[in-house]
J.: 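Mind looking over this structure? Questions follow.
Keep in mind that what you see is a predicted model, and the values were worked out from it rather than measured. We count residues from 1, following the sequence as given.
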Amino acid sequence: QLVESGGGLVQAVGSLRLSCAASGPTFRTYAMGWFRQAPAEEREFVASITWSGESAEYADSVKGRFTISRDNAKNMLYLQMNNVKPEDTAVYYCAASRGRFSDKWDEYDYWGQGTQVTVSS
């Protein structure tokens, strides 16, 4: 089970940190990712990280502004969002993959319920 938190309303150029709490003893074996979906838009890749946390990849639209990280001892995944923009407004989802970390949503096996992020200009 994945449960996101930390969403809310933030002004442009501000910061926000999303958290994803995972249950189960095998969290540390899963690659993890963050995706987002704005109204009337398709689900979009944001960032992903390997099971060890040693490697990560980002969508071009967030590179240099967002940082994905994980704490396997606490079964937690994070997304630090800095210098946010109105176009970052979306529901953010964390996801877990039994395979390699990926930017493709259909390669993820488990999903959280999402947390809303709204950026005002």
Side-chain angles (χ1 to χ4, degrees):
Q1 184 181 8
L2 302 173
V3 180
E4 301 94 338
S5 62
L9 177 64
V10 60
Q11 288 189 328
V13 309
S15 296
L16 203 62
R17 190 175 84 152
L18 304 184
S19 299
C20 174
S23 59
T26 59
F27 168 77
R28 64 190 65 196
T29 67
Y30 285 78
M32 300 294 295
W34 286 100
F35 290 77
R36 66 187 182 186
Q37 188 166 18
E41 299 287 337
E42 294 188 352
R43 195 170 303 185
E44 176 188 30
F45 168 74
V46 176
S48 61
I49 190 168
T50 57
W51 66 270
S52 65
E54 290 184 354
S55 297
E57 58 182 25
Y58 298 89
D60 288 343
S61 58
V62 307
K63 202 171 292 184
R65 299 189 298 121
F66 291 9
T67 302
I68 187 173
S69 62
R70 66 190 296 166
D71 185 338
N72 286 342
K74 297 181 179 179
N75 277 14
M76 295 293 296
L77 176 73
Y78 304 102
L79 184 69
Q80 178 65 43
M81 305 167 63
N82 296 331
N83 190 22
V84 296
K85 304 175 181 180
E87 51 263 45
D88 295 322
T89 295
V91 177
Y92 283 72
Y93 299 90
C94 71
S97 170
R98 291 190 293 261
R100 65 176 301 278
F101 73 133
S102 171
D103 61 356
K104 297 176 178 55
W105 68 266
D106 58 355
E107 293 187 3
Y108 286 78
D109 303 290
Y110 303 100
W111 292 83
Q113 83 291 345
T115 186
Q116 176 71 47
V117 172
T118 303
V119 182
S120 63
S121 56

J.: May I ask you to say whether D88 pairs ionically with K85, meaning some side-chain N is under 4.0 Å from a carboxylate O?
T.: no
J.: Flag the pair M76 / S19 as yes when at least one side-chain heavy-atom distance between them is below 4.5 Å, and no otherwise.
T.: yes
J.: Tracing side-chain links under 4.5 Å among I, L, V, M, F, W and Y, which residues wind up in one group with V3?
T.: none
J.: Which heavy atom in E107 sits nearest to a heavy atom in S102, and how many Å separate them?
T.: OE1-OG, 2.8 Å
J.: Is the CD atom of Q11 crowded by more than 12 outside heavy atoms at less than 6.0 Å?
T.: no
J.: Tell me whether R65 contacts the main-chain N or O of N83 through its side chain, where contact means a donor paired with an acceptor under 3.5 Å.
T.: yes
J.: Atom CZ in R17, atom CD in Q80: separation rounded to 0.5 Å?
T.: 7.0 Å
J.: For a quick test of reading the model, state the closest non-hydrogen atom pair linking A31 to R70 and the distance between them.
T.: CA-NH1, 4.1 Å
J.: How far does CZ of R43 sit from CG of D106, to the nearest 0.5 angstrom?
T.: 10.5 Å
J.: Given E44 and S61, is the side chain to side chain contact (heavy atoms under 4.5 Å, CB included) satisfied, shown in steps?
T.: CA-CA 10 Å; E44 176 188 30; S61 58; 4.0 Å; yes
J.: Drop me the distance from T89's OG1 to Q116's CD, to the nearest 0.5 angstrom.
T.: 7.0 Å
J.: Nearest 0.5 Å please: distance from the NZ atom of K104 over to the OG atom of S48.
T.: 10.0 Å
J.: With rounding to the nearest 0.5 Å, note down the distance linking SG in C20 to CD in Q1.
T.: 10.0 Å
J.: Could you work out, with ring pair (Phe, Tyr, Trp, His ring centres under 6.0 Å) as the rule, every residue matching F35, not counting sequence neighbours?
T.: F45, Y108, W111
J.: Which atom pair, heavy atoms only, marks the closest approach of A12 to S121?
T.: CB-CA, 4.3 Å
J.: May I ask you to decide if Q113's main-chain N or O and E4's side chain share a donor-acceptor pair within less than 3.5 Å?
T.: yes
J.: Could you identify which residues cluster with M81, counting Ile, Leu, Val, Met, Phe, Trp and Tyr as linked when any side-chain heavy atoms lie under 4.5 Å apart, either directly or through a chain of such contacts?
T.: L2, V10, L16, L18, F27, Y30, M32, W34, V46, I49, Y58, V62, F66, I68, L77, L79, V84, Y92, Y110, V117, V119
